[in-house]
J.: 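Right, I'll just put the structure down here and ask away after.
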Number of protein chains: 2
Amino acid sequence: MKTLKISEAVVRRLPVYLRHLMELKQREVLTVSSQDLGQKLDLNPAQIRKDLAYFGDFGRKGIGYDVSYLIQQIRHILKLDQIIHVGLVGAGKLGHALCNYTAYMKDNMRIVAVFDAQESKVGTEINNLRVQPMSELADTVREQKIRIGIITVPASEAQHVAEQFVEAGVEAILNFAPVILRVPAHVRVHTADFTTDMFSLAYYLSDDRKEAPVE
Amino acid sequence: MKTLKISEAVVRRLPVYLRHLMELKQREVLTVSSQDLGQKLDLNPAQIRKDLAYFGDFGRKGIGYDVSYLIQQIRHILKLDQIIHVGLVGAGKLGHALCNYTAYMKDNMRIVAVFDAQESKVGTEINNLRVQPMSELADTVREQKIRIGIITVPASEAQHVAEQFVEAGVEAILNFAPVILRVPAHVRVHTADFTTDMFSLAYYLSDDRKEAPVE
DNA sequence: TAGATTGTTAATCGATTAACAATC
DNA sequence: TAGATTGTTAATCGATTAACAATC
């Protein structure tokens, strides 16, 4: 395996490849070409080959990629050949939804603890997990070997929660609050912000204003 | 206003600028420089100036940008100087969460209808909205002037729902299901996929496997 | 005036795509 | 063998950043 700095764009495509490969496997497709993949995923075949070639020679000239083998390799690259433990803070509707969303994630990641600052939430059950108070976060992260933290609290509390996660030793954070978190460089943060998505979508609407303009 | 093809990267940053500007406004800050903004948002000041300059001369040399004026301009660019009507299909936990997530979106967008294919869901109330059957989607989209559709159904149903949205005349779709949707070129789709985010985060974890490796 | 900061051009950097020898 | 398809190099394209004249 080569050691080179892999761009974020490449890393973000790997889960997309993986997902489609799993589907192919389920349909008992044994082999797939970069051509096929590109067609399905709306990507340039050369890009797919190049992405994969960063990590090794996974294909066979004239043949393509062995589906099962490639799945195994991508899971290894993404460190998903183990079960990653995840903690979540914010037992609101969104937190609830994500806990249940284990559908096809469950072989690779598992939400093993849920926390909330609100006393009324503590002790309730979500998906067989007892909602814990924030005071238990640090110990639980260590005991349960939680490596990724999910933040589904209001924007005003997100930074504080992030700091507690970092303090407890979490290595990466997925943040759903619409704020930019400040964390040390060794902690990776991705922000999954619904409002940013919605607002940028609006840009692409046609120009005729259908409602009474405010301006 | 110049007419030039604006890259998606630029469009995705505009809502981030807007959000921070709103916060500045609330704190009664009158003026902001690209320097200040860059610091807060982790972006290069030149990039911010360039992004804004695509759309007009909004700043003043030696001074910076007037916060209120820039807010107004960005809202106009993003077509958020009107209230955009939104429809949602999939009244599960995630759909529920998004309906409630109107917090700071409510001046710009409004979810005005919720649909679900499951009979057991139809007729229940979410945030004062009656969940409607899919058979009412087309008419409601037209009557309510719904321009953006949100999809929060299982992956297997997402494509079918997208087609119904497109058929009904929706201009853009925000898709939460982990699939790549096929829609005509005039419809814009953004995919907000939780699993892709989580899986790509795992790549950045440290290399020591903390659980018993599967491999 | 002096200091600050924009808008914009030019330079740099990085990512995508094309092309093709190697080879199954 | 002929056709298909990889891995990789070179070409292209696009996005980010630096630099600076204009000017508040």
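Letters A, B, ... are given to chains in the order of the sequence lines, protein chains preceding strands, and every chain is numbered from 1.
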J.: Scan nucleotides 9-16 of chain D nucleotide by nucleotide, 5' to 3', and note B when protein non-hydrogen atoms come under 4.0 Å of the base, S if they reach only the sugar-phosphate, - if neither.
T.: B-----SB

J.: What are the residues of residues 23-41 of chain B, sorted by number, that bring a heavy atom to within less than 4.0 Å of DNA chain D?
T.: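 Contacts with DNA chain D under 4.0 Å: none.
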
J.: Any side-chain N or O of A:Tyr65 under 4.0 Å from OP1/OP2 of D:dG7?
T.: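 The answer is yes; a side-chain N or O of A:Tyr65 sits under 4.0 Å from OP1 or OP2.
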
J.: Describe, in one word, how the ring planes of A:Phe176 and B:Phe194 are oriented to each other, choosing from parallel (under 30°), tilted (30 to 60°) and perpendicular (over 60°).
T.: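 Tilted, since the angle between the ring planes falls between 30° and 60°.
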
J.: I'd like to know if B:Arg19 and A:Asp193 make a salt bridge, using a cut-off of under 4.0 Å between side-chain N and carboxylate O.
T.: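 Yes, this pair counts.
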
J.: In terms of side-chain heavy atoms of B:Ile63, which of D:dT6, D:dC24, C:dT6 is nearest?
T.: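 Among D:dT6, D:dC24, C:dT6, the one nearest the side chain of B:Ile63 is D:dC24.
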
J.: Within this structure, what is the NZ-OH distance for the pair B:Lys5 and B:Tyr54, rounded to the nearest 0.5 Å?
T.: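 Rounded to the nearest 0.5 Å, the NZ-OH separation comes out at 10.5 Å.
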
J.: With Watson-Crick and G-U wobble geometry limited to distances under 3.5 Å, how should the secondary structure of DNA chain D be encoded in dot-bracket form, using | for bases paired to another strand and [ ] for crossing pairs?
T.: ..||||||||||||||||||||||

J.: Check side-chain hydrogen bond (donor to acceptor under 3.5 Å, both in side chains) between B:Asp51 and all other residues, then give those that pass, not counting sequence neighbours.
T.: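 Counting only residues at least two positions away or on another chain, B:Asp51 forms a side-chain hydrogen bond (donor to acceptor under 3.5 Å, both in side chains) with B:Arg13, B:Tyr17.
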
J.: Report yes if a side-chain nitrogen or oxygen of A:Arg49 is closer than 4.0 Å to either non-bridging phosphate oxygen (OP1 or OP2) of D:dG7; otherwise report no.
T.: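 No, outside the criterion.
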
J.: Rounded to whole angstrom units, what separation is found between the NZ atom of A:Lys61 and the P atom of C:dT23?
T.: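 One finds 5 Å between P of C:dT23 and NZ of A:Lys61, rounded.
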
J.: Around atom CD of B:Glu163, are there more than 12 heavy atoms of other residues, nucleotides or ligands at under 6.0 Å?
T.: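 Check passes, neighbour count above 12.
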
J.: Nearest whole Å is fine: how far is D:dC24 C1' from B:Asp66 CG?
T.: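 Roughly 14 Å, once rounded to whole Å.
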
J.: From the options B:Arg147, B:His186, B:Lys79, select the one residue that forms a side chain to side chain donor-acceptor pair (under 3.5 Å) with A:Ser206.
T.: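 Testing each of B:Arg147, B:His186, B:Lys79 against A:Ser206, the sole residue satisfying side chain to side chain donor-acceptor pair (under 3.5 Å) is B:Arg147.
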
J.: Rounded to the Å, how far apart are B:Asp57 CG and D:dA21 P?
T.: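 Rounded to whole Å, this separation is 19 Å.
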
J.: Run the side-chain hydrogen bond (donor to acceptor under 3.5 Å, both in side chains) test against A:Lys93 and tell me which residues pass, sequence neighbours left out.
T.: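 Scan of A:Lys93 (side-chain hydrogen bond (donor to acceptor under 3.5 Å, both in side chains), adjacent residues dropped) gives B:Asn100.
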
J.: Could you give the CZ-to-P distance, from A:Phe58 to D:dT6, as a whole number of Å?
T.: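 So the two atoms are 14 Å apart, to the nearest Å.
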
J.: Under the side-chain hydrogen bond (donor to acceptor under 3.5 Å, both in side chains) test, which residues partner B:Gln47, sequence neighbours left out?
T.: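 B:Gln47 satisfies side-chain hydrogen bond (donor to acceptor under 3.5 Å, both in side chains) with no residue once adjacent residues are dropped.
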
J.: Expressed in angstrom and rounded to an integer, what is the separation of A:Asp42 atom CG from C:dT17 atom C1'?
T.: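 Value for this atom pair: 15 Å.
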
J.: Salt-bridged, A:Glu23 to A:Arg27, with N to O below 4.0 Å?
T.: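 So A:Glu23 pairs with A:Arg27 through a salt bridge.
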
J.: Salt bridge between A:Arg12 and A:Glu8, side-chain N to carboxylate O under 4.0 Å?
T.: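 Salt bridge flag = yes for A:Glu8 with A:Arg12.
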
J.: Between atom CD1 in B:Ile48 and atom P in D:dA18, what is the gap in whole Å?
T.: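 Between P of D:dA18 and CD1 of B:Ile48: 13 Å.
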
J.: Does the side chain of B:His76 come under 3.5 Å of the side chain of B:Gln72 through a donor N or O and an acceptor N or O?
T.: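 Not at all, the side chains of B:His76 and B:Gln72 share no donor-acceptor pair under 3.5 Å.
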
